[in-house]
Each structure stands twice: as C-alpha cells, then as structure tokens.
Amino acid sequence: MKVSFAESARPEGAVAVAVFEGLRHSKGADALDQATDGAISRAEKTSRFQGKSGQMLDIPAPAGTEADLVLLAGAGKRDAADALSWEAFGAQAMKAVLCSGAKTLMFDMRALDAVAAARAAFGARLAAYRFDKYRTKLSDDKKPSIGAITVLCDDLKAARSAYAPLAAEADGVTLARDLVSEPANVLHPEEFARRAQQLGEYGVDVQVLDEKAMQKLGMNALLSVGNGSNFGSRLAVMSWMGADDPKAPPLVLVGKGVCFDTGGISLKPGAGMWDMKGDMGGAAAVTGAMRALAGRKAKANVIGIIGLVENMPDAAATRPGDIVTSADGQTIEIQNTDAEGRLVLVDALWYGLRFKPRQIIDFATLTGAIIIALGHENAGLFSNDDALANALLAAGKASGETVWRLPIGPGYDKLIDSKYADMKNIGGRAAGSITAAQFLHRFVGDTPWAHIDIAGTAWKDKSDDAREPVWATGFGVRLVDNFVARTCED
Ligand code: BES
Ligand code: MN
Ligand code: ZN
C-alpha cells in the first residue's frame, strides 16, 4: 500500500476527516462542510454520530466535492488524542472503505500535527492487511479496492520523517503476520530459515545452522523436538549491528519457531489443532522486528535467534520419559512432548548468551495457561530484572502491544524438579505459565532476561481492534521496535 503526503490535492476516492467528540470539526471536516454547503453538518444532525472513537459516518458522493465518499471518522476527545488514538482513527477509516469500491483513501489532516498524520497512515496500513494468497475464488466485491493512501498535512517534512520509521514497522508487522498465517505444509522449518535469509536484502546478516551444526554444539533439547519431523530443524541467527560502536553488547531476541505443534507423542486433541500452524509466532515476531529495525536503520545492535522445528509423532519422535541434555549441560526429563517450546527456547537462549548480550528477550506461544490468566488482551511478561521488565511494560503501553508481569521465583522450582534428571519439562496444572518461565530462568544465569508468552496475543479469532484485520496479529514487532527506540538508541 503506497502512502504519500501532500499539502493540498484535489479530493478523490474516499476522503476521511477527523471529528472529535461533541462534533468538533477538524479543519478538514470544516473545509468539506463548506464545500458541500453544509452536507456534513446536516448528516451529523440526522445521525447518532458524535465523534466518539470508533464511530463512523459515511456520506456517499455529496454534491460540491469530487470525492466518491466522505467519511467522518470519530477521533475521540480532542485533549486525549495521542499516537495510539490516531492509529485507531486511521485503522477504522481504512476498515470502513477497504472494500467499498473507492480506489484511494485520502486523510485530510490539515491543522493537525505531524504525529497525527503519520500515525493515521500507519494505522490505515495495519488495517489494510489481508492474507488472500490462497483464495482463488474471491468475488470482486470482496476484494480490497483501496490501493493507495494520501495524507494531506501542513508540515510535509515533519510528517514524512514521522512516518518513515513507522513504514518500516508496518513492513515488520506485515512480515510477521504473513509468517504466522502461512500453513505448515508451506512454512516448515527449512522454508522459514529461507525466509529469514531474505532479510539479507535489508542489510541483516543471516546465518543458518542445520541439524549437523546443532548436534556439534550439543543442542539436544531443541533437536529432540524435531526428531519426528520429515523436515530438518534449523536455527537462524539474524544480526543487525546498527549502533555507532558495532562491538557494543547487543540486545538479543529469541523466538520459539515451532512451525507446527501436534503435541508429538503426547498428541493434542484434533479440534482446533489447525491453529498450531501459528506456534512459530515468537519466531515471526523476532523476524518481523529485525525487518522493522533494519528497515528504519535503527542505531542499535540487535541479534534475533529463532529455533525452527516441527513437533510430530513418529517412530523416531521423542517419547515421554526420555531424558535429553541441553547445550549448557543440564539434563531434562521430557514428561510431556507437548511442552516442547521450552526445549527449543533453552538451547536458542544458550546460543544467544554466547554473544554476551546486554539483555535477552524471548517471545513464545508457550502456554495455553497464559490465555486462562490474561485472555487475549495482554501478553505475559516474566523477568529476572526489574529495569528490563519496566522498560517492556512502558514500551507495551506506548505501542499498544501491552504486557502484564507475572512472578517467577525459587518457590516454583520444586514443581519442575525431576526424580531422574535436573528438571522435568512440565510442572502440573498449577501456575502453568510460571513453571514454564521458571524452567527458562534456569538457563539464563544473571543476564537481564525477559520472557514474553504470546500464546494469547499472536493470533485472535476475532478482534475489535481495526489494526488487527486477520487472525495473525504480528504481536511483538511494535513492542520490540518501541523498546529498542526508547532504550537502545540515543
Ligand atoms: N504451543 C502450545 C501452547 C499454546 C496453546 C499456544 C494454545 C497457543 C494456544 C504449547 O506447546 C503447549 O502445548 N503447551 C502445553 C504445555 C503443557 C503440556 C504443560 C499447554 O499449554 O497445554
Ligand atoms: Mn506443545
Ligand atoms: Zn507449542
């Protein structure tokens, strides 16, 4: 979706203008009202539209303007308008007209600030996302008609420079959504590694370890998950060294990339199992974040590491009761082959620690229990470092990808102690998300670490947020980009 900014332009296609609560017109709304000889005000009077956030009033082809469609979009309380509310405004407008027949969407943001202009465009881009590549019979009226976005604003230079990093962020979100949406017959571990390698195009250095390389390093926890798969397991390492000092300790991001999770020998029930094509949502978030950071040439050193496997039942698959030794030498009794994500993560974390990171953050669709705890509104945050946790909470608020902190602590260790090995990979029904985090904690030492459980946020069956038009949300990309901008760059 092409986005351009202009100081003035002839109205065409769909034209969206902001109306604040209490029907307070923006300059764009006033201009249209005048041009149409009061048609805007008359339409407002005959409707329940009040300018509240989420409210929308469309006026087809009013006389006096060349616009095909005028869209009054609620911008909420004028004093409360912020970056996120402008994103919502832009997203709702796009959602309303995406398949309307109009070919372009113009936002008249004159007399509003550059952040408002840029965020409206960003929200509109997120809302225009579709995953239609496998539909061959989509009828014309169901196909998106909008092909470009134009934003009218006063300060072109400021708006363009506010939008540029957001364009890269939107590209990252798009990539993450594409990866999560792809079915597992297409996006298996080997193919995911190839997609990661495509980030070379943006200046990311990408190294891929195959099974032989991982065997040499002793990464048996990760490898044990892929034993039953016909696809080879992979570890992809994506480096973006954008800081002034390329030797400065990097931020390391780690992602769970289970391209499909059947549960393995501890097979999952059939109903709903199709969603487990998204069990690589952590790896998608990390890959999308690397795309965003490289795309906007972030002045930070960031390394993204994704553990790519497929968890299948098979004669060669790992059995319940099997004991494996992780790369750092700790032994794990695998009591349930469906608790596979933590096995992938600990070896990927171990690999990440070799870079002596300033901080290490993992993203994983790790536990169903986090959905029981937090629903689909917040991701679970676990950390051994208050400063890191607080920075992530703040980045979550600012980006709209919110996280909620839950505890870890030595009291939970007894739940994962094993009779036969250093630990077992499940902790029972109680505190399921915490025992998973406690398990990871045993592998990170004193390095500031955070674990973000995105099982409830990586995809959603339905969302009331117009920024999330499909199942896969791309959760994590905006959070990371925001975190890097506020804590790793100066
Ligand atoms: N990938 C699942 C977690 C999950 C569940 C993600 C629902 C998204 C939606 C994970 O590998 C898993 O199976 N976890 C088990 C752990 C249990 C066996 C200790 C779970 O949550 O049931
Ligand atoms: Mn599982
Ligand atoms: Zn899983």
Side-chain angles (χ1 to χ4, degrees), residues 3-82 84-125 127-128 144-156 159 466-467:
V3 175
S4 47
F5 295 86
E7 271 166 351
S8 65
R10 202 166 52 80
E12 59 171 2
V15 177
V17 293
V19 177
F20 296 96
E21 241 182 85
L23 294 180
R24 293 165 68 181
H25 282 181
S26 62
K27 186 173 175 181
D30 266 343
L32 271 174
D33 206 19
Q34 270 165 27
T36 60
D37 200 16
I40 305 296
S41 304
R42 283 195 299 280
E44 284 171 341
K45 267 198 206 105
T46 56
S47 84
R48 289 184 163 179
F49 177 82
Q50 291 175 319
K52 285 191 179 154
S53 178
Q55 285 186 325
M56 210 65 69
L57 182 62
D58 46 355
I59 310 165
T65 167
E66 289 160 83
D68 298 328
L69 179 72
V70 167
L71 193 63
L72 308 186
K77 290 203 167 68
R78 187 174 233 154
D79 312 330
D82 61 9
L84 289 182
S85 70
W86 286 116
E87 269 180 41
F89 160 86
Q92 279 147 9
M94 178 58 87
K95 185 182 174 183
V97 301
L98 184 62
C99 299
S100 66
K103 292 197 170 64
T104 56
L105 173 56
M106 180 180 285
F107 288 100
D108 189 341
M109 305 295 282
R110 287 175 295 169
L112 296 164
D113 62 24
V115 168
R119 289 281 168 170
F122 177 61
R125 269 203 61 190
S145 55
I146 301 285
I149 299 166
T150 308
V151 184
L152 296 188
C153 56
D154 296 336
D155 189 341
L156 277 184
R467 277 163 285 208

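Model, not experiment: these values are computed from the prediction. Index from 1, following the sequence.
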Compare every heavy atom of [Y] with every heavy atom of [X], then report the nearest pair and how far apart it is.
X: A29; Y: V19; result: CB-CG2, 4.1 Å
X: P62; Y: T65; result: O-CG2, 3.4 Å
X: A93; Y: M56; result: N-CE, 4.0 Å
X: M106; Y: A9; result: CE-CB, 4.0 Å
X: A159; Y: A114; result: N-CB, 3.6 Å
X: A117; Y: V151; result: CB-CG1, 3.8 Å

Can you tell me how far [atom2] of [Y] sits from [atom1] of [X], rounded to the nearest 0.5 angstrom?
X: L112; Y: F20; atom1: CG; atom2: CZ; answer: 5.5 Å
X: E7; Y: D155; atom1: CD; atom2: CG; answer: 8.5 Å
X: M94; Y: L71; atom1: CE; atom2: CG; answer: 11.0 Å

Is the shortest side-chain heavy-atom distance between [X] and [Y] below 4.5 Å?
X: F49; Y: L23; answer: yes
X: E66; Y: E12; answer: no
X: T104; Y: I149; answer: no
X: L32; Y: D108; answer: no

Just by modelled atom types, is the [Y] backbone N or O under 3.5 Å from a matching donor or acceptor in the [X] side chain?
X: S26; Y: A18; answer: yes
X: Q55; Y: Q50; answer: yes
X: T150; Y: S4; answer: no
X: S145; Y: L98; answer: yes
X: Q92; Y: G54; answer: yes
X: D68; Y: A14; answer: no

Check your understanding: Does atom CG of D37 have more than 12 heavy-atom neighbours, drawn from other residues, nucleotides or ligands, at distances under 6.0 Å?
Key -> no

Exercise for review: Let me know which of H25, Q34, K45 forms a side-chain contact (heavy atoms from CB on, under 4.5 Å) with I40.
Suggested key: H25

Point to revise | Salt bridge present between E87 and R119 (N-O < 4.0 angstrom) | key: yes

